[in-house]
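Residue numbers begin at 1 in each chain, while the letters A, B, ... track the order of the sequences.
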There are 2 protein chains.
Amino acid sequence: MAATETLTAERILEATEEVLRRYGPAKATVVDVARVLGVSHGSVYRHFRTKAALREAVTERWLERTIVALRPYVGAGGPADERLTEWLTALFALKRKKAGGDPELMATFQVLIGENSAVVDRHEEHLVEQIAHIVEDGHREGLFAAPERDFTTTARAVFHATDRFHNPAHAADWSAPGVEEAFTAVVSLVQRALRA
Amino acid sequence: MAATETLTAERILEATEEVLRRYGPAKATVVDVARVLGVSHGSVYRHFRTKAALREAVTERWLERTIVALRPYVGAGGPADERLTEWLTALFALKRKKAGGDPELMATFQVLIGENSAVVDRHEEHLVEQIAHIVEDGHREGLFAAPERDFTTTARAVFHATDRFHNPAHAADWSAPGVEEAFTAVVSLVQRALRA
DNA sequence: GGAGTGACAGATATTGAAATCTGTCATCGG
DNA sequence: CCGATGACAGATTTCAATATCTGTCACTCC
């Protein structure tokens with residue numbers, strides 16, 4: 001049996017995700033994680049100093065997946081304005097799918113997010129940088145006007161303006177009728193604001 | 001003593017606010033409200049069918065105050081683009097002041113908001129109508145371009161784009177360094193989007 | 001007659017004792 | 001040696017008994 005594999009941080013993170021998925025954020029314990037792995041909970045503490053650190057690492061992994069999923073839209077071909085709309089639409093679709101497909105998992109995720117604001121801040125900076133990259137491309141292509149201050153500030157404004165459509169805090173609104181239209185209207189507003 | 005005043009819905013609402021302020025949303029009971037008024041809790045039920053209805057009425061009253069406070073910025077003189085910035089700034093300032101001045105009261109308010117989404121939806125429609133009014137003025141004045149669909153849709157997009165700066169769900173972010181700049185950047189984005 | 005009452009049943013919240021969990025560390029065994 | 005263990009102290013959570021609250025209604029008293 002492969003159960004005698006060495007205990008790695010990676011395997012612990014996978015088990016932790018599994019436990020969080022199964023029991024939710026309130027009931028998931030380090031002892032549960034150890035049980036899933038067939039080791040004592042002391043072993044888990046050899047890789048993660050605290051339960052909080054373990055949860056933080058899971059959160060980071062989780063958020064990283066979004067970054068990776070969106071990366072293609074940054075570097076893809078085609079005009080930057082279209083790429084921006086695609087990027088924003090992809091982000092919304094991703095979040096919406098997660099929220100709609102498994103509301104409990106989304107709730108779990110939201111709790112983790114609330115616990116790890118520093119990680120979330122760094123994650124948001126990554127996303128802002130992706131937007132900034134597209135906006136800068138758009139400026140070079142002559143599609144977007146020069147930013148009022150700098151690309152990152154403009155990108156952050158775009159990120160904030162679309163907050164309602166990617167921030168998990170608003171997940172409950174994403175199944176309301178008319179969200180599609182509301183999203184399109186905001187994206188359209190953003191496009192008009194950037195247009196040269 | 002004036003304590004023998006007749007029991008009105010108004011007096012009950014005031015007492016309820018007082019109780020919510022003092023005990024918070026989890027511990028505030030109808031019995032507490034009755035005690036403050038010096039009546040039996042049965043009397044309170046004569047004016048409000050349920051505890052939920054009582055809380056809903058408080059929420060409505062609370063939200064109504066924002067509508068009233070912002071009304072001046074809608075009808076004021078001056079160019080519509082400036083009025084829009086002033087309206088958005090006033091809304092942000094109002095919410096921020098409440099959140100910063102008494103975080104516990106804000107938390108209480110947030111719980112009530114969560115319980116009464118229908119009331120909140122109606123409230124948001126009122127705010128959107130105020131924005132729509134200003135945007136329509138701006139179009140008449142030649143400052144804003146014709147809306148892509150209609151004034152209400154554009155207004156709603158403006159409301160959603162600035163969500164992060166008025167939605168109590170984000171209250172925690174309003175004391176972070178750089179919020180002012182972030183707010184200004186989003187308002188500036190919105191202005192650029194509307195400009196003729 | 002109609003605003004106000006208070007006893008009541010069922011639902012919800014509080015409390016404190018018992019169970020479980022977190023994080024440490026001396027010790028084990030390969 | 002060095003990763004893994006499990007007993008342990010203190011912190012946190014669970015659970016069930018107890019208390020309080022919600023909503024109703026027959027009644028009172030002005």
Side-chain angles (χ1 to χ4, degrees), chain A residues 1-60 104 107-108 110-112 114-116 119, chain B residues 1-60 104 107-108 110-112 114-116 119:
Chain A
M1 43 183 131
T4 46
E5 273 177 90
T6 56
L7 188 61
T8 61
E10 183 63 21
R11 284 187 63 219
I12 294 174
L13 288 175
E14 251 149 46
T16 306
E17 259 193 61
E18 153 100 12
V19 167
L20 281 167
R21 213 187 303 274
R22 202 185 311 170
Y23 302 119
K27 290 202 192 166
T29 71
V30 176
V31 171
D32 290 330
V33 173
R35 196 178 1 253
V36 165
L37 290 164
V39 299
S40 75
H41 74 282
S43 301
V44 173
Y45 280 98
R46 199 160 278 289
H47 294 264
F48 294 92
R49 275 209 318 290
T50 63
K51 183 188 184 184
L54 180 55
R55 281 168 166 250
E56 186 179 302
V58 168
T59 308
E60 209 158 8
E104 282 192 40
T108 295
Q110 256 183 91
V111 170
L112 292 194
E115 282 171 4
N116 299 284
V119 171
Chain B
M1 40 181 137
T4 47
E5 272 177 90
T6 55
L7 188 61
T8 61
E10 183 65 20
R11 283 187 64 218
I12 294 174
L13 288 175
E14 252 149 44
T16 306
E17 258 194 60
E18 153 101 12
V19 168
L20 281 167
R21 214 185 304 273
R22 202 184 311 169
Y23 301 119
K27 289 202 192 168
T29 71
V30 176
V31 171
D32 290 330
V33 173
R35 195 177 3 253
V36 165
L37 290 164
V39 298
S40 75
H41 75 281
S43 301
V44 173
Y45 279 100
R46 205 159 271 291
H47 290 83
F48 294 92
R49 275 209 318 290
T50 63
K51 184 190 184 183
L54 179 56
R55 281 169 167 248
E56 185 179 301
V58 168
T59 308
E60 209 157 10
E104 283 194 39
T108 295
Q110 257 184 88
V111 171
L112 292 194
E115 283 171 4
N116 298 284
V119 170

Return the minimal non-hydrogen interatomic distance between [X] and [Y], and the atom names on each side.
{"X": "A:His41", "Y": "A:Val30", "value": "CB-CG1, 4.2 Å"}
{"X": "B:Phe48", "Y": "B:Ile12", "value": "CE1-CG2, 3.7 Å"}
{"X": "B:Asn116", "Y": "B:Leu112", "value": "ND2-O, 2.8 Å"}

Identify, with sequence neighbours excluded, every residue that meets side chain to side chain contact (heavy atoms under 4.5 Å, CB included) alongside [X].
{"X": "A:Arg46", "value": "none"}
{"X": "B:Ser43", "value": "B:Leu7, B:Val39, B:Ser40"}
{"X": "B:Thr108", "value": "B:Leu20, B:Pro25"}
{"X": "B:Glu104", "value": "B:Asp102"}

TODO: Kindly write out the residues that satisfy side chain to side chain donor-acceptor pair (under 3.5 Å) with B:Glu14, not counting sequence neighbours, or none if the list is empty.
DONE: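 So B:Glu14 forms no side chain to side chain donor-acceptor pair (under 3.5 Å) with any residue.
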
- [ ] Among residues two or more places apart or on two chains, list those pairs meeting salt bridge (charged side-chain N to carboxylate O under 4.0 Å, His left out) that have a residue in residues 26-38 of chain A.
- [x]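 Listed once each, the pairs are A:Asp32-A:Arg35.
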
TODO: Among residues two or more places apart or on two chains, list those pairs meeting salt bridge (charged side-chain N to carboxylate O under 4.0 Å, His left out) that have a residue in residues 49-59 of chain A.
DONE: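 For residues 49-59 of chain A: A:Arg55-A:Glu115.
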
Open item on the list: Working to the nearest 0.5 angstrom, can you tell me the gap between A:Thr16 OG1 and A:Arg11 CZ?
Closed with: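 The OG1 atom of A:Thr16 sits 11.5 Å away from the CZ atom of A:Arg11.
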
Task: Reported CG-to-OG1 distance for the pair A:Leu37 and A:Thr8, which is rounded to 0.5 angstrom - done: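 If we round to the nearest 0.5 Å, A:Leu37:CG and A:Thr8:OG1 are 9.0 Å apart.
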
What does the list of N/O pairs under 3.5 Å between the protein and nucleotides 9-12 of chain C look like, with a distance for each?
none

TODO: May I ask you to test the A:Thr29-A:Tyr23 pair for a side-chain heavy-atom distance under 4.5 Å?
DONE: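 A side-chain contact under 4.5 Å is absent here.
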
Report the distance from atom [atom1] of [X] to atom [atom2] of [N], rounded to the nearest whole Å.
{"X": "B:Leu7", "N": "C:dG2", "atom1": "CG", "atom2": "C1'", "value": "14 Å"}
{"X": "A:Ile12", "N": "D:dG3", "atom1": "CD1", "atom2": "P", "value": "13 Å"}
{"X": "B:His47", "N": "C:dG2", "atom1": "NE2", "atom2": "P", "value": "14 Å"}

Open item on the list: With each end axis built from five pairs of C1' atoms, what bend angle do you get for the helix from C:dG1-D:dC30 to C:dG30-D:dC1? Round to 10°.
Closed with: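 Its terminal axes enclose an angle near 10°.
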
- [ ] Using only side-chain N and O atoms of A:Ser43, determine if any of them is under 4.0 Å from OP1 or OP2 of D:dA4.
- [x]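 Looking at the OP1 and OP2 atoms of D:dA4, neither is under 4.0 Å from any side-chain N or O of A:Ser43.
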
What does the list of N/O pairs under 3.5 Å between the protein and nucleotides 16-23 of chain C look like, with a distance for each?
unit_1	atom_1	unit_2	atom_2	d
C:dT22	OP1	A:Val30	N	3.1
C:dT22	OP1	A:Lys51	NZ	3.2
C:dT22	OP2	A:Val30	N	3.1
C:dT22	OP2	A:Val31	N	3.4
C:dG23	OP2	A:Tyr45	OH	3.0
C:dG23	OP2	A:Lys51	N	2.6
C:dG23	N7	A:His41	NE2	3.3
C:dG23	O6	A:His41	NE2	2.9

Give me the distances for all protein-to-nucleotides 26-30 of chain D N/O pairs that come in under 3.5 Å?
none

